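Note sheet for the following structure.
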Amino acid sequence: MRSSPKRLPALLLGTALVASVLGIGTIASAAGTDNAGPPAVATAGAHAGHVMAVSTQASGDDPDGDGYIPAVPQVTGVTPSTATPPPAYHHEFQAGCAVTHTAPDDPIVYPGQFGKSHDHTFMGNTSTNAASTTGSLYGGNTTCKAPADASAYWMPSLYKGDQKILPVGPQVIYYKAGVTDYRSVRPFPKGLRYVVGNPMQSAEEFRAHKGFVEGWECGDSFFNTDIPASCPDRPDVQLNLRMQAPSCWNGLYLDTPDHKSHMAYPVVKPGTNDNMCPASHPVALPMIEFKMAWPVNGDMSQVRLASGRGYSFHYDFFNAWEERTLKALVDHCIVGGLQCDTRGFDLYRPERGTVLNADHRLP
């Protein structure tokens with residue numbers, strides 16, 4: 001990772017950078033939760049609608065258009081923690097966020113370019129669209145249980161045939177410690193954003209991805225790299241997926257041209273089974289884990305993503321938490337070694353109290 005990258009116009013970043021991140025689908029005629037389907041997958045290895053397009057605009061948070069958005073202030077002088085903390089099996093809290101809308105937009109990869117992406121299902125901030133910036137998201141309305149979480153979360157929409165299938169109710173988004181020394185985790189910087197995974201990845205690459213947890217699952221079928229051909233046709237069965245994000249930050253940029261290089265996954269401390277941040281990305285942040293559930297089962301042969309086959313799954317995160325609330329939850333639940341719900345309450349450690357009140361607000 002370069003400590004002082006240099007400035008290239010956004011247009012010159014071109015296909016090589018965008019191709020490493022996202023493809024696009026057909027342009028929908030309108031946003032919203034319509035049931036217009038993506039083009040059919042022509043072959044077993046095809047990705048629906050993946051015609052690569054270069055991002056022709058810079059984010060409103062990137063005035064010089066070079067793809068690098070500096071953190072203010074930048075976090076320097078950090079050494080990755082190699083300490084062994086007191087034993088704590090859990091160090092996490094949950095953000096329960098429901099679906100808000102769908103649209104062929106992606107404010108990280110295609111900022112300002114409405115309709116240029118494949119279709120995405122958005123959660124959290126209700127205003128998220130192609131033109132979203134830190135300022136437009138911060139303090140906005142949200143479907144997350146904590147009103148202070150105005151962050152934007154999104155993933156490719158899922159279809160069964162031509163019908164769009166949306167997750168129902170709040171989805172489980174974990175905020176965890178990705179490193180062994182959970183005491184070293186600090187809150188996300190305001191405006192941090194990144195992409196997890198790659199819609200152009202192969203099945204093998206998806207399975208080998210460092211964020212792969214259990215893959216696609218339904219009923220008693222686990223660790224699938226593609227959507228299962230069938231699932232038990234029972235009311236209690238849904239299609240599920242879990243995938244973790246990188247949690248080590250370089251401390252310098254809120255975004256980089258490939259939307260990934262400023263973040264890294266933890267590495268194993270030599271001679272141990274402990275995880276720590278690499279020296280290139282020394283700042284430990286919460287590890288987000290999507291645990292999504294779609295209400296679909298039975299014959300799954302026509303189930304696919306807007307980005308293509310199941311192994312094209314990826315997701316995006318754009319932080320717009322109110323800082324005091326996020327810090328309170330991180331300090332109490334992650335640094336404090338607890339297994340918290342969305343209010344910061346650990347059922348097994350009730351004596352430790354709760355962070356948020358009954359309205360999910362910081363007292």
Side-chain angles (χ1 to χ4, degrees), residues 9-11 13-15 17-34 36-39 47-69 97 99-144 150-158 164 166 190-200 254-260 305-308 312-320:
L11 289 175
L13 294 172
T15 304
L17 289 171
V18 177
S20 70
V21 186
L22 290 181
I24 64 168
T26 55
I27 298 176
S29 59
T33 54
D34 60 89
H47 292 284
H50 270 145
V51 178
M52 301 313 297
V54 176
S55 180
T56 56
Q57 297 184 36
S59 167
D61 291 328
D62 181 21
D64 64 4
D66 69 349
Y68 294 93
I69 303 176
C97 304
V99 170
T100 59
H101 61 288
T102 68
D105 289 347
D106 191 320
I108 294 179
V109 179
Y110 299 117
Q113 298 162 85
F114 291 86
K116 198 165 189 178
S117 173
H118 50 242
D119 199 77
H120 285 113
T121 294
F122 293 88
M123 298 173 289
N125 198 296
T126 61
S127 72
T128 312
N129 61 32
S132 292
T133 62
T134 303
S136 72
L137 295 174
Y138 189 80
N141 293 328
T142 181
T143 60
C144 297
S151 302
Y153 309 84
W154 65 95
M155 58 191 173
S157 295
L158 184 131
K164 193 177 297 184
L166 301 179
K190 182 178 178 180
L192 181 76
R193 69 209 72 181
Y194 52 73
V195 178
V196 183
N198 187 335
M200 301 303 290
L254 303 176
D255 197 11
T256 41
D258 65 357
H259 315 297
K260 296 182 179 183
L305 296 170
S307 54
S312 71
F313 184 81
H314 56 286
Y315 66 88
D316 301 58
F317 170 66
F318 195 142
N319 176 44

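Because the structure is predicted, anything quoted here is derived from the model rather than measured. Atom set for the values below is all heavy atoms of this structure, side chains included, hydrogens, waters and symmetry mates excluded.
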Just to verify, what does [X] make a side-chain hydrogen bond (donor to acceptor under 3.5 Å, both in side chains) with, not counting sequence neighbours?
{"X": "Tyr153", "result": "Asp149, Tyr175"}
{"X": "Thr134", "result": "Asp61, Arg193"}
{"X": "Asn129", "result": "none"}

Is any side-chain heavy atom of Ser127 closer than 4.5 Å to a side-chain heavy atom of Leu137? yes

Heavy-atom distance under 4.5 Å between the side chains of Asp255 and Ile108, does that happen here?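 Yes, close enough: below the 4.5 Å cut-off.
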
Tell me whether [X] contacts the main-chain N or O of [Y] through its side chain, where contact means a donor paired with an acceptor under 3.5 Å.
{"X": "Asp105", "Y": "Gly115", "result": "yes"}
{"X": "Asp62", "Y": "Ile69", "result": "no"}
{"X": "Asp106", "Y": "Ser117", "result": "no"}
{"X": "His101", "Y": "Thr128", "result": "yes"}

Which label fits Trp154 and Phe122: parallel for a plane angle under 30°, tilted from 30 to 60°, or perpendicular past 60°?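 If you compare the ring of Trp154 with that of Phe122, the planes turn out tilted.
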
For the residue pair Tyr194 and Phe317, does the interplanar ring angle fall in the parallel (under 30°), tilted (30 to 60°) or perpendicular (over 60°) class?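 Correct class here is tilted.
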
Qualifying residues under side chain to side chain contact (heavy atoms under 4.5 Å, CB included), relative to Tyr138, sequence neighbours excluded: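 Result, side chain to side chain contact (heavy atoms under 4.5 Å, CB included) vs Tyr138: Lys190, Glu322, Glu323.
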
For Thr121, what residues pass the side chain to side chain contact (heavy atoms under 4.5 Å, CB included) criterion, not counting sequence neighbours?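 For Thr121 the side chain to side chain contact (heavy atoms under 4.5 Å, CB included) partners, ignoring immediate neighbours, are Val99, Thr102, Met155, Ser157, Leu166, Pro167.
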
Taking only residues two or more places apart in sequence, or in another chain, which ones meet Tyr315 in a ring pair (Phe, Tyr, Trp, His ring centres under 6.0 Å)?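 If we apply the ring pair (Phe, Tyr, Trp, His ring centres under 6.0 Å) test to Tyr315, skipping adjacent residues, the hits are Phe290.
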
